[in-house]
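Take a look at the structure set out below.
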Amino acid sequence: MRDAREATRLLRYALHRQGFTHTYQSNASGMSVLSVLTELTVWCKNGMFVWNEDGHESTHPADDPVGAARLISRHYRSPAPGDDLTEEEADQAVRAFTATDSARD
């Protein structure tokens with residue numbers, strides 16, 4: 001299981017690839033929160049991403065930030081034709097980001 005800070009950072013990057021470019025992340029003891037849109041805040045705690053979607057709580061494993069980004073994007077954004085990455089491309093992008101970004105921490 002990834003720590004909440006790292007999982008949220010990877011979700012933030014995956015959402016950026018989906019067109020959500022103005023996000024804000026905050027971290028506290030054992031949890032992290034990502035403000036994506038006025039109507040969308042994603043919490044990461046206890047190994048899960050948690051957000052509210054149409055009045056219902058949605059969850060997704062923190063070990064799959066690309067999958068969570070896809071779910072969020074499908075609900076909150078209509079992608080342009082050809083805009084969506086394949087799962088393999090998204091995974092490669094997250095791995096590349098993790099490799100280069102970890103040197104900055």
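What you see is a predicted model; the values in this text were computed from it and never measured.
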Interatomic distance, [X] atom [atom1] to [Y] atom [atom2] [nearest 0.5 angstrom]:
| X | Y | atom1 | atom2 | answer |
| --- | --- | --- | --- | --- |
| Asp64 | Met48 | CG | CE | 10.5 Å |
| Cys44 | Arg9 | SG | CZ | 12.5 Å |
| Met31 | Asn46 | CE | CG | 9.5 Å |
| His22 | Thr38 | NE2 | OG1 | 12.0 Å |

Evaluate the side-chain contact (heavy atoms from CB on, under 4.5 Å) criterion for residues Arg17 and Val66: first the C-alpha distance (whole Å), next the side-chain angles of each, then the deciding distance (0.1 Å), finally the verdict. CA-CA 10 Å; Arg17 300 282 299 174; Val66 172; over 6 Å; no
Which atoms form the tightest heavy-atom contact between [X] and [Y], and what is the distance?
| X | Y | value |
| --- | --- | --- |
| Glu53 | Ser58 | CB-OG, 3.5 Å |
| Asn52 | Asp54 | OD1-N, 3.9 Å |
| Ser32 | Ala4 | CB-O, 3.6 Å |
| Ala7 | Ala62 | CB-O, 3.7 Å |
| Leu10 | Pro65 | CB-CG, 3.7 Å |

Determine whether a donor-acceptor pair (N or O, by modelled atom type, separation under 3.5 Å) exists between the side chain of Gln25 and the backbone of Arg5.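 Answer holds: yes.
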Could you tell me whether the side chain of Thr23 and the main chain of Ser35 form a donor-acceptor pair under 3.5 Å?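 Checked: no pair found.
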In the structure I gave you, are the side-chain heavy atoms of Phe49 and Thr8 within less than 4.5 Å of one another anywhere?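 Side chain of Phe49 against side chain of Thr8, heavy atoms only: contact under 4.5 Å found.
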Is any side-chain heavy atom of Trp51 closer than 4.5 Å to one of Leu71?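 Side chain of Leu71 against side chain of Trp51, heavy atoms only: contact under 4.5 Å found.
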